[in-house]
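What follows is a single structure, written as structure tokens, with notes after it.
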Amino acid sequence: MRWFWIDRFAEFKSGSHAVAVKNVSLAEEHLHDHFPGYPIMPGSLMIEGMAQTGGILLGEALGFEKPVVLAKVPKMEFHGWVTPGDTIHYHVHLTDVRPEGGAVQTKAMVGENVVAEGEIVFFCLEPNNFAANGFDQSKFSFSLNLLDVMKIGKAGYPSEPS
Amino acid sequence: MTHDEIYDKVKDILVDALSVDDEDVSPNAKLMADLGAESIDFLDIVFRLEKNFNIKIERGELFPDPETFASPDTGFVKEGTVTPAGLDEIRKKLPHASAEIDVFAKDPQVSNVQDLITVDMIVKFIVNKTAG
């Protein structure tokens, strides 16, 4: 299993906002433990999906020069349950960008319903910092593999939704 | 904006950013030792201050920049202690923390640098900044 918690982008406006899609499937292992006989998409993994969306949004705004990591979730409220068969849209707006990090406002929607909303703060790691700690940028989510999600998103939407 | 208005706003920001109670925040409270702030909270606080006071805060302008003490080449640190040159540098960079720097200078260990960050030094910074 790969640590991808978004399936593709439906919208990507550099330096501004992005919408990512996550299709929740009963084929996902974790839903069988959370909870046995009552599968619910874990809130923590929805935060991860919003953080991946926001991390790419911020990383792209900074030219992907430094790895972006989730630093803090100052606020997150959950309003409803997400179950297999649901399609989540993560609407993420970049509110702060600076070389040291950034912040986003985020909302998870299933259809018309807001199922979660909150704020996420990211740090940008300095090259000497992660090199010293054995941080391998090539394994970092947005640097290689997750960027393909953007390509898939583009392929899936030849005419960019406005 | 008056000093009291700025203080109240800073207090609200810290209550939100650090999930502390209103009464925990006092002018002399140290952000890390007393309010449980961690390094990741400082960027969040900077974002909130910028938004609430409609100002731009450069890196190292409000809080001590860790880079200042990162390298022994700067001459600002020797054997885990901030040198007189280092103290001068902090005084120059953080004039709003002069009271805290006076206390710090008595035992200028690098590990005590975090004690420079108090509620009052943030308020003083905003007072100076918004005065133009």
Side-chain angles (χ1 to χ4, degrees), chain A residues 15-17 43-44 47-48 50-55 57-59 61-63 65-78 92-107 117-135 140-141, chain B residues 9-22 24-25 31-32 35-74 76-77 93-94 110 113-114 117 122 125-126 129:
Chain A
S16 168
H17 65 274
S44 52
I47 293 178
E48 177 64 25
M50 292 183 260
Q52 291 188 352
T53 310
L57 191 60
L58 175 64
L62 295 169
E65 283 179 358
K66 299 176 196 168
V68 172
V69 293
L70 190 161
K72 181 178 174 182
V73 182
K75 188 178 151 197
M76 193 61 67
E77 287 177 15
F78 293 91
V92 180
H93 281 257
L94 205 50
T95 54
D96 298 278
V97 186
R98 54 196 294 153
E100 306 99 283
V104 297
Q105 290 270 2
T106 172
K107 208 182 260 186
E117 57 187 328
E119 302 163 10
I120 301 176
V121 175
F122 301 91
F123 258 14
C124 296
L125 298 182
E126 292 298 329
N128 54 359
N129 191 336
F130 64 80
N133 295 317
F135 192 97
F140 194 68
S141 56
Chain B
K9 224 166 165 180
V10 168
K11 187 181 192 171
D12 288 347
I13 287 169
L14 294 175
V15 166
D16 279 350
L18 303 175
S19 299
V20 289
D21 289 330
D22 237 35
D24 295 335
V25 183
L31 262 67
M32 292 183 106
L35 301 181
E38 294 176 37
S39 56
I40 52 171
D41 292 312
F42 293 123
L43 191 59
D44 184 25
I45 291 168
V46 165
F47 286 148
R48 288 167 193 271
L49 291 169
E50 286 188 332
K51 236 168 277 169
N52 276 276
F53 292 101
N54 199 21
I55 52 174
K56 190 91 200 113
I57 302 170
E58 299 300 326
R59 181 178 191 167
E61 191 184 352
L62 167 60
F63 300 126
D65 189 346
E67 295 287 308
T68 309
F69 309 105
S71 163
D73 304 340
T74 56
F76 295 150
V77 183
K93 289 255 175 78
L94 309 175
V110 174
V113 167
Q114 60 180 53
I117 307 168
I122 299 175
F125 174 82
I126 301 291
K129 190 95 179 165

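Since the structure is predicted, the reported quantities are computational estimates derived from the model, not experimental observations. Sequence lines set the chain letters: A, B, ... in the order given, protein chains first and strands last, and positions in each chain run from 1.
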From B/Lys129 atom NZ to B/Ile55 atom CD1, the distance as rounded to the nearest 0.5 Å:
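Answer for the NZ-CD1 pair, B/Lys129 versus B/Ile55, is 6.0 Å.
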Which residues pass the salt bridge (charged side-chain N to carboxylate O under 4.0 Å, His left out) test with A/Lys107, sequence neighbours left out?
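Once residues adjacent in sequence are excluded, A/Lys107 has no partner under the salt bridge (charged side-chain N to carboxylate O under 4.0 Å, His left out) criterion.
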Check this for me, if you would: do [X] and [Y] make a salt bridge, where the nitrogen-to-carboxylate-oxygen distance has to be below 4.0 angstrom?
X	Y	answer
B/Glu50	A/Arg98	yes
A/Lys72	A/Glu119	no
B/Asp16	A/Lys75	no

May I ask you to list the residues in residues 38-47 of chain B that approach chain A closer than 4.5 angstrom, counting heavy atoms only, ordered by number?
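Expected list: B/Ser39, B/Ile40, B/Asp41, B/Leu43, B/Asp44, B/Val46, B/Phe47.
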Shortest non-hydrogen contact from A/Ala61 to A/Leu94?
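The pair with the smallest heavy-atom distance is CB-CD2, 4.0 Å.
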